[in-house]
Amino acid sequence: MPLHEWTLSPEEAIALQWRLAPRVECRDRIGDVHRIAGIDIGFEQNGEITRAAVVVLAWPGLSMLEHVVHREPTRMPYIPGLLSFREVPAALQAFTLLNSPPDLVMVDGQGIAHPRRLGVASHLGLWLDIPTIGVAKSRLCGTHDDVPPRRGEWTPLRDGDETIGAVLRSRQSVKPVYISPGHRLGLETAVAWVVRCLGRTKLPEPTRLADRLASRRGAFL
DNA sequence: GCGACAG
DNA sequence: ATCTTGTCGC
């Protein structure tokens, strides 16, 4: 499978997504969780350099176990729906720098809440063959009702007759986050893990810390 | 044809 | 994503 061919045309990328989507698993196939990773990508030099950051937190406790950063030249532009082709290559390189693989990964972006059900979290999960959860700050596709105001409450994100994710109130009076299964777990399990990793901020700790490391803002120790 | 559009 | 300080609100 030519998953390593990242310099694809939009047409080729879309064709590849249609072929890979059927491989994504949304049934729980997740073992004991002791290491939870957060991954995010940032850019430097006017976007010419892609910076992938991965943090690994302990469960329970959420203490920092590892954190790595990988930089490389940016190869693809950002195109809605094709985000994974721009970010996954660098993310995979970053994962090779870890001392041991995580049991669960939270990704900044959508999982199956994607036009072809293959958002960046699903694509990365398929490649790593590790359970992944998509944690996005905004909507790509699908519709939903208003989200209840209480922290932890959520409403389903739907596309036609399919439920593709959850719009979660991770913090009161703050815009909700879009949660969707990436790979090897279902929606309920995905939401449960995100809620468990929630601090007082909008984003769960894994993604929040990876975000800071990727964009090199503030200290996170 | 006219919007919408993860990061 | 990124450029960017202080400021309003919960």
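In what follows, chains are A, B, ... by sequence order, proteins preceding strands, each numbered from 1. Computed from a prediction, not measured in an experiment: that's the story for all the values here.
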Looking for any heavy atom pair under 4.0 Å, which part of the strands does [X] touch: base, sugar-phosphate only, or nothing?
{"X": "Gly47(A)", "result": "nothing"}
{"X": "Gly42(A)", "result": "sugar-phosphate"}
{"X": "Val120(A)", "result": "base"}

Between [N] atom [atom2] and [X] atom [atom1], what is the distance in whole Å?
{"X": "Ile49(A)", "N": "dA1(C)", "atom1": "CD1", "atom2": "P", "result": "18 Å"}
{"X": "Tyr78(A)", "N": "dT2(C)", "atom1": "OH", "atom2": "C1'", "result": "14 Å"}
{"X": "Gln45(A)", "N": "dC3(C)", "atom1": "CD", "atom2": "P", "result": "11 Å"}
{"X": "Lys202(A)", "N": "dA6(B)", "atom1": "NZ", "atom2": "P", "result": "13 Å"}
{"X": "Ile79(A)", "N": "dC5(B)", "atom1": "CD1", "atom2": "P", "result": "17 Å"}
{"X": "Asp108(A)", "N": "dA6(B)", "atom1": "CG", "atom2": "P", "result": "12 Å"}
{"X": "Glu48(A)", "N": "dT2(C)", "atom1": "CD", "atom2": "C1'", "result": "13 Å"}
{"X": "Glu87(A)", "N": "dA6(B)", "atom1": "CD", "atom2": "P", "result": "12 Å"}

Think [X] has a side-chain N or O under 4.0 angstrom from the OP1 or OP2 of [N]?
{"X": "Tyr178(A)", "N": "dA6(B)", "answer": "no"}
{"X": "Lys137(A)", "N": "dG7(B)", "answer": "yes"}
{"X": "Ser138(A)", "N": "dG7(B)", "answer": "yes"}

Review point. When Trp154(A) is tested against each of Val191(A), Val194(A), Val167(A) for side-chain contact (heavy atoms from CB on, under 4.5 Å), which residue passes?
Key: Val191(A)
Practice item. With DNA chain C as reference, determine whether Gln172(A) or Ala214(A) sits nearer its 5' end, using the nearest nucleotide of each. Key: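 Per heavy-atom nearest nucleotide, the more 5' residue is Ala214(A).
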Exercise for review: Between Asp40(A) and Arg171(A), name the one whose nearest nucleotide on DNA chain C is closer to the 5' end.
Suggested key: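 In this pair, the answer is Asp40(A).
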Point to revise | Side chain of Pro80(A) (C-beta onward), nearest among dC5(B), dG7(B), dT2(C) | key: dC5(B)
Exercise for review: Compare the minimum distances between each of dT2(C), dA4(B), dA1(C) and the side chain of Arg139(A), then state the nucleotide with the smallest one.
Suggested key: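 Selected nucleotide: dA4(B).
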Is there a side-chain contact between [X] and [Y] (heavy atoms, below 4.5 Å)?
{"X": "Arg71(A)", "Y": "Val69(A)", "result": "yes"}
{"X": "Leu92(A)", "Y": "Leu128(A)", "result": "yes"}
{"X": "Phe43(A)", "Y": "Thr50(A)", "result": "yes"}

Point to revise | Electrostatic pair Asp129(A)-Arg29(A), nearest N-O below 4.0 angstrom | key: yes
